[in-house]
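Down below is the structure, laid out as structure tokens.
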2 protein chains.
Amino acid sequence: MQANLPHLQSTFTTDCVIFGFHEGALKVLLIERNEYPFKGWWALPGFFVDHSETIDDAVKRILYEHTGLRGIFMEQLYTFGDLKRHPQGRIITVAYYALLRLDDLKSQPEPVTDYARQAVWHPLDDLPELAFDHRHIIDKAIQKIRRKISYSPIAFELLPEKFTLTQLQQLYEAIWGRKLDKRNFRKKMLNYNILKELPEFQRGVSYRAARLYKLDKRKYAKVFQNELTFSR
Amino acid sequence: MQANLPHLQSTFTTDCVIFGFHEGALKVLLIERNEYPFKGWWALPGFFVDHSETIDDAVKRILYEHTGLRGIFMEQLYTFGDLKRHPQGRIITVAYYALLRLDDLKSQPEPVTDYARQAVWHPLDDLPELAFDHRHIIDKAIQKIRRKISYSPIAFELLPEKFTLTQLQQLYEAIWGRKLDKRNFRKKMLNYNILKELPEFQRGVSYRAARLYKLDKRKYAKVFQNELTFSR
DNA sequence: TCAAAAGTGTTACAATTACACCCATGA
DNA sequence: TCATGGGTGTAATTGTAACACTTTTGA
């Protein structure tokens with residue numbers, strides 16, 4: 001079973017749940033492992049943390065290797081240290097989650113690592129069986145963003161710079177897993193005064209084009225301090 | 001400087017912010033270190049995590065060693081891995097926080113470890129200078145419970161089994177750092193219907209004795225599911 | 001002209017805030 | 001009898017929830 005083991009540079013790793021949002025659905029970026037253990041299985045992008053880098057830096061590196069992007073929003077999630085989570089012994093993993101604007105990607109992500117055969121976006125509601133305790137990590141990440149989206153404007157990290165109110169609403173609906181009332185949603189969201197109405201509209205749709213908005217960074221900063229509450 | 005180093009059983013440790021509540025003020029349990037590095041400094045209780053125990057178990061062990069108690073509420077907080085946080089090289093620490101009923105303690109905690117000379121409760125608003133990045137860890141723990149106390153009934157972990165509404169209110173005030181309106185607080189808290197009014201009153205006070213309440217465990221469980229919101 | 005989604009207001013109800021006095025107790 | 005904290009209600013405001021139709025556009 002265990003040919004070609006990753007050399008144990010350290011006894012802890014980091015794994016990252018990379019969320020994307022496309023066509024009304026939340027996606028997670030998974031890799032197909034090219035190394036034992038769990039060779040051929042789907043897993044979260046992750047790797048051993050080097051002695052000379054911080055955990056944050058390791059995650060940034062992993063994000064770059066899989067998406068080609070820097071400056072992605074990321075945050076630590078939880079540290080998993082069950083004795084049996086890794087077949088090669090007790091390896092602790094510091095899990096992160098990241099939020100990615102899918103439209104920033106020029107193309108399908110091509111991992112530049114040799115431990116991943118391919119990297120593919122999977123819809124959250126249809127995930128394959130995953131290596132290690134990665135399914136559990138993803139569940140924890142969803143819980144986290146479900147809560148966080150109601151008091152902090154992380155939603156905008158998943159949307160293109162210019163977006164419609166419907167896109168924003170669909171994102172909340174996808175994260176919370178239930179429908180919201182259109183009128184109430186718009187009323188409340190616009191009341192926060194953190195959106196800037198643009199003199200632009202959607203293009204290329206075969207129905208009435210929706211107005212585009214973008215985040216007003218100045219007001220956004222204030223809201224981040226005072227914390228906005230968007231629940232129910 | 002570095003005589004008598006702790007042997008590096010592993011490259012990661014756990015540290016625990018133990019909160020207590022007494023006479024209207026939040027306290028943190030600190031130890032005076034008896035080992036290098038930072039010998040003689042105040043620090044959070046913590047130690048290296050053994051290869052054969054989970055992180056949770058390590059924290060439980062540390063809690064027991066310092067308080068003599070088991071079954072204390074605890075939860076993972078954050079994992080700190082800065083390259084320079086530990087003078088002996090990059091040692092990652094998985095920080096936890098714990099909430100303790102101070103009245104459960106028979107006496108002053110006496111650490112049964114040899115790396116701590118003494119363990120003393122310090123009021124949160126008057127902490128000494130701390131070893132490592134422990135001040136930073138405590139700040140993060142406070143942020144965490146500030147948020148968490150508004151959607152989950154963790155407050156009761158800090159109070160005796162039977163408590164007065166004023167004690168409960170003072171706890172919220174201590175954690176949030178601001179005064180609350182007595183009538184509004186009581187109205188809201190009693191409306192949740194998670195408290196059981198006891199036919200008992202305070203004793204030994206030189207003013208009108210306040211009624212005692214305790215948590216109604218059955219309703220508590222429901223509230224934990226639906227998540228209560230107590231903000232502002 | 002049709003299909004599809006955009007956009008828009010009102011009313012009922014619930015929650016939150018602000019606010020001040022009398023009561024019971026032990027010293 | 002005094003000092004101390006316990007205990008209580010109402011009104012104004014704000015926020016939330018439920019609900020349906022007209023408009024615009026491209027095909």
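FYI, side chains are in, hydrogens and waters are out, and symmetry mates aren't considered; it's all heavy atoms of this structure. In what follows, chains are A, B, ... by sequence order, proteins preceding strands, each numbered from 1.
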If I take atom [atom1] in residue [X] and atom [atom2] in nucleotide [N], what distance separates them, rounded to the nearest angstrom?
X	N	atom1	atom2	answer
A:Tyr207	C:dA5	OH	C1'	6 Å
B:Leu190	C:dT16	CG	P	14 Å
B:Asn184	D:dG7	CG	P	16 Å
B:Leu212	D:dG7	CG	C1'	15 Å
B:Lys179	C:dA18	NZ	P	16 Å
A:Phe163	C:dA6	CZ	C1'	16 Å
A:Arg203	C:dA6	CZ	P	17 Å
A:Met189	D:dT16	CE	C1'	15 Å

Taking OP1 and OP2 of [N], is either one under 4.0 Å from a side-chain nitrogen or oxygen of [X]?
X	N	answer
B:Thr166	D:dG6	yes
B:Arg186	D:dG7	yes
A:Lys188	D:dT16	yes

Most 5' of A:Arg183 and B:Tyr213 on DNA chain D, judged by nearest nucleotide: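 So the residue in question is B:Tyr213.
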- prompt: Does A:Ser206 or A:Lys182 map to a spot on DNA chain D nearer the 5' end, using the closest nucleotide for each?
  reply: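 The 5'-side residue here is A:Lys182.
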field: Nearest-nucleotide 5' precedence on DNA chain C, A:Ala209 against A:Lys187
entry: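 That would be A:Ala209.
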query: Does a salt bridge link B:Lys60 with B:Asp56, judged by any charged N lying under 4.0 Å from a carboxylate O?
result: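 Not counted as a salt bridge, because no side-chain N and carboxylate O are separated by less than 4.0 Å.
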field: salt_bridge(A:Arg211, A:Glu200) N-O dist < 4.0 Å
entry: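 No, this pair does not count.
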- request: Could you check which of D:dG7, D:dG9, C:dA6 has an atom nearest any side-chain atom of B:Arg208?
  value: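 Of D:dG7, D:dG9, C:dA6, D:dG7 is nearest to the side chain of B:Arg208.
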query: Can you check whether A:Ile62 reaches A:Phe47 side chain to side chain, under 4.5 Å on heavy atoms?
result: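 SC-SC contact between A:Ile62 and A:Phe47 confirmed.
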task: Would you indicate whether the side-chain heavy atoms of B:Glu157 and B:Phe19 approach each other to under 4.5 Å?
output: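 In short, these two side chains do not touch, never coming nearer than 4.5 Å.
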query: Among A:Gln143, A:His136, A:Arg135, whose side-chain hydrogen bond (donor to acceptor under 3.5 Å, both in side chains) with A:Asp139 holds?
result: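 The side-chain hydrogen bond (donor to acceptor under 3.5 Å, both in side chains) with A:Asp139 is passed solely by A:Arg135 among A:Gln143, A:His136, A:Arg135.
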